[in-house]
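Worksheet: the structure to be examined is printed underneath.
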Amino acid sequence: MKIEAIRHTGTYPDLYLKDRRTLVITLRTAKRDCHLCKIHFFPRTDPEKICGAEMKCILRDRLFDYFRTEIRFSKVARYQKYYFELSDGTASWYLNSWGVYETEPSDGYFEFLYANRTGIVQVPEWSRGQVFYQIFPERFCNGDPGNDPADCAKWGSDPTRENYMGGDLRGMIKKLNHIMDLGAECIYLNPVFEADFNHKYATTDYFKVDPMFGTNEELRELIAKAHGMGIRVVLDGVFNHTGIHFKPFEDVLEHQEQSEYREWFYITEYPVRISHHCYECVGAYKYMPKLNTANPEVRRFILSVMEYWIREYQIDGWRLDVADEVDEGVWTEARMLLKEKYPRILLLGETWGAGLRLMNGAQMDCMMNYIFRDAVRDFIGYEKIDAAELDHRLQSMLANYPEEMNQAMFLPLDSHDTERFSFFCGGNKRKLLLGAALQMCFVGSPSLYYGDEIGLTGDNDPDCRKCMVWESEGQDRELLEWYKKLIALRKKESCIKTGKFTANLCEGRVYGFIRHDGRGEIYVVLNAGEESRKVEVPVFYKKSYVNIIDQQVYAASERPEKGYLNSDIRDYGGILKVNMEPYHVKIFRMQ
């Protein structure tokens, strides 16, 4: 056994509370190294009452297996000591807090102390597996030409970093039916508060909707009407930095060292002028001075803004811009104070990596999962990785977080900060359909960036911020119907929405996985290559299965003796012999 691969930290995320009576415990070993993994646990005050529970391998990447179990207590979990027993089939080893040994430990146990309520990993139930629809307000729909800027360009003109097209809240209200018909369940709005520039990430007034988008009351109307359709609304909170016309920063410019707000920013040089040499800012961009979020006054201000829009306008949560650049104490306070009053709000953090600092159980509910986006881009768009590498990246990603957080994770294929996914696909329609299928069938909460559903394409900013096309002749109707079909399937099948994940096929450019729960299973097979492939798809039961895409029925045959992917940790009862066309997906359900 590869002892150096064995890991359990005794703390989050290897140990966390599902509720005050339930502990979730994870242990990592080398891939296919451990045949049996057990946890032994007992009360600190009564070591004779030792219990055991077998742990199951729930994820597997290129290097490691991840074993997990849940332990349910009759009372509040407290003062439990524990250690692990591992076997490779020939010998046993034991892991305690001191390390790995060949003899059963009599000391040095791991210990869980007390199930405090704030230690429970809780994400809003509504956020698990839902479908987001992201809107860049300035480019979605112009519903009120009366609030257009004086120099507004014609709708549909080539986007630049400076020009305006006239999108507004009234336009969003008029197009809510489109979002509802699509099947999306939550709107994520890029910033709508008064700010400089068309993107509105340089905030000047956090309590006022930008006049070119409309009024506070129109935002209230949008939220109320969306809620009436069963659609939630999450706003974009830009609390890492402001615009130069934010009143506290203007006060610093006017009063310099005498300004009562001088500690709100990271001033590096007096006299302060509009220059990145005088203050810290975002990416040396002088028009966005960075807030000193370690300052208690700034923290109170941020929390007051967050609560105001929740309390007064009933928003359903916040997407928090560059959340990993903000002092982490802000998000800890936000979670403790806001969740106490509004437990159903969502805290969604922007980060471009694993975001482990944010996903520590005390800050964010979920994050924008660009790791997922990059993996799908590289597998389907660029075709520079094979199915085995895709599986490694996805499973390694899932292993980083509790299952509850994985189910709520924001899954983009693109966004206002990236090239459109269709751009990566180079005009290959089949790739686009394939990427949508993978996204909509994967673990988490998939997000459509406005226009994805009708074939809007574009390079990176500003080209990814084109105007939405509303004329039906300019829309890809096949793609639109494809998204509707996939979203409807996701909402119908609980195993896709919140079920578990098992990869069952990795052959070259063919990738297959199973979404399953106690009510059923869905089998997804994708061929991301340019050649047809005949594959054998392992299934749990020797039954008949229908391909949901074309309604063709397949009968599973007896599983032969040869091994299949993860057959050592999953019981397959049969196989489907399937011909996969280039850049196609098949989605099977048992009849």
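Just so it is clear, the structure is predicted and the values come from calculations on it, not from any experiment. Positions are given from 1 along the sequence.
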Task: Point-to-point distance, once rounded to the nearest 0.5 Å, from CZ of R373 to CD of E419 - done: 6.0 Å
Task: D205 and H245 side chains, donor-acceptor separation under 3.5 Å - done: no
TODO: Answer yes if the side chains of Y164 and D148 hold a donor-acceptor pair under 3.5 Å, and no otherwise.
DONE: no
Open item on the list: Which residues pass the side chain to side chain donor-acceptor pair (under 3.5 Å) test with K225, not counting sequence neighbours?
Closed with: E221
TODO: Give a yes or no on whether a salt bridge exists between K497 and E185, defined as a side-chain N under 4.0 angstrom from a carboxylate O.
DONE: yes
- [ ] Describe, in one word, how the ring planes of Y206 and F246 are oriented to each other, choosing from parallel (under 30°), tilted (30 to 60°) and perpendicular (over 60°).
- [x] perpendicular
Task: Set of residues satisfying side chain to side chain donor-acceptor pair (under 3.5 Å) with respect to K466, sequence neighbours excluded - done: none
- [ ] Keeping the roles fixed (side chain from S445, backbone from S127), state whether a donor-acceptor pair exists under 3.5 Å.
- [x] yes
- [ ] Inspect the contact between D365 and R335 and indicate whether a charged nitrogen and a carboxylate oxygen are less than 4.0 angstrom apart.
- [x] yes
Task: Presence of salt bridge, E403 and K500, under 4.0 angstrom - done: yes
Task: Close aromatic pair by centroid cut-off 6.0 Å: Y82 and F112 - done: no
Task: Residue from M368, M397, M359, R128 passing side-chain contact (heavy atoms from CB on, under 4.5 Å) with M409 - done: M359
Task: Pair K341 + E307: basic N to acidic O under 4.0 Å - done: yes
Task: Test: D316 and R344 ion pair at under 4.0 Å - done: no
TODO: Classify the ring geometry between W470 and H178 as parallel (under 30°), tilted (30 to 60°) or perpendicular (over 60°).
DONE: perpendicular
TODO: Look only at the side chain of Q395 and the backbone of D61, and say whether a donor-acceptor pair between them is shorter than 3.5 Å.
DONE: no
Open item on the list: Between Q80 and A77 (side chain of the first, backbone of the second, donor and acceptor by atom type, cut-off under 3.5 Å), is there such a pair?
Closed with: no
Open item on the list: Do V252 and F265 make a side-chain contact, defined as non-hydrogen atoms from C-beta onward lying under 4.5 Å apart?
Closed with: yes
Task: Between OG1 on residue T242 and CG on residue D196, distance to nearest 0.5 Å - done: 9.0 Å
TODO: Classify the angle between the aromatic ring planes of W309 and Y313 as parallel (below 30°), tilted (30 to 60°) or perpendicular (above 60°).
DONE: tilted
Open item on the list: I'd like to know if the side chain of N292 pairs up with that of E263 as donor and acceptor (distance under 3.5 Å, no hydrogens or angles considered).
Closed with: no
TODO: Drop me the distance from D461's CG to R161's CZ, to the nearest 0.5 angstrom.
DONE: 4.0 Å
Task: Side-chain donor-acceptor pair present, D452, Y483, cut-off under 3.5 Å - done: no
- [ ] Decide if the gap between the ring center of H8 and the ring center of F110 is smaller than 6.0 angstrom.
- [x] yes
Open item on the list: Any salt bridge linking D417 with R465? Criterion: basic side-chain nitrogen under 4.0 Å from a carboxylate oxygen.
Closed with: yes
Open item on the list: For the residue pair T26 / D14, report whether a side-chain donor-acceptor contact shorter than 3.5 Å exists.
Closed with: no
TODO: Before accepting this row, confirm whether a basic side-chain N of the pair R78/E111 lies closer than 4.0 Å to the acidic partner's carboxylate O.
DONE: no
- [ ] Give a yes or no on whether the ring-centroid distance for F132 and F410 is below 6.0 angstrom.
- [x] yes
- [ ] Applying side chain to side chain donor-acceptor pair (under 3.5 Å), run through H227 and Q314 and close with a yes or a no.
- [x] CA-CA 9 Å; H227 285 173; Q314 288 76 54; over 6 Å; no
- [ ] Inspect the contact between R117 and E340 and indicate whether a charged nitrogen and a carboxylate oxygen are less than 4.0 angstrom apart.
- [x] yes
Task: Electrostatic pair R377-D414, nearest N-O below 4.0 angstrom - done: no
Open item on the list: Regarding K208 and N216, do their side chains bring together a donor and an acceptor under 3.5 Å, going by distance alone?
Closed with: no
- [ ] Mark yes or no for whether E404, through its side chain, and K18, through its backbone, hold a donor-acceptor pair below 3.5 Å.
- [x] no
- [ ] Return yes if some donor-acceptor pair links the side-chain N/O of D168 with the main-chain N/O of G214 below 3.5 Å, else return no.
- [x] no
Task: Y449 ring center near F136 ring center (under 6.0 Å) - done: no
- [ ] Answer yes or no: is there an ion pair linking E250 with K247, defined by an N-O contact shorter than 4.0 Å?
- [x] no
Task: Centroid-centroid under 6.0 Å between Y279 and F249 rings - done: yes
TODO: Give the intermediate values and the outcome of side chain to side chain donor-acceptor pair (under 3.5 Å) for residues Y201 and D321.
DONE: CA-CA 9 Å; Y201 278 96; D321 188 55; 4.6 Å; no
- [ ] Report the C-alpha separation of Y308 and F207 in whole Å, then their side-chain angles, then the decisive distance to 0.1 Å, and conclude whether the ring pair (Phe, Tyr, Trp, His ring centres under 6.0 Å) test is met.
- [x] CA-CA 8 Å; Y308 174 78; F207 294 97; 5.2 Å; yes
Task: Salt-bridge present (D210, K200; N to O < 4.0 Å) - done: yes
Task: Y66-R28 side chain donor-acceptor pair, cut-off 3.5 Å - done: no
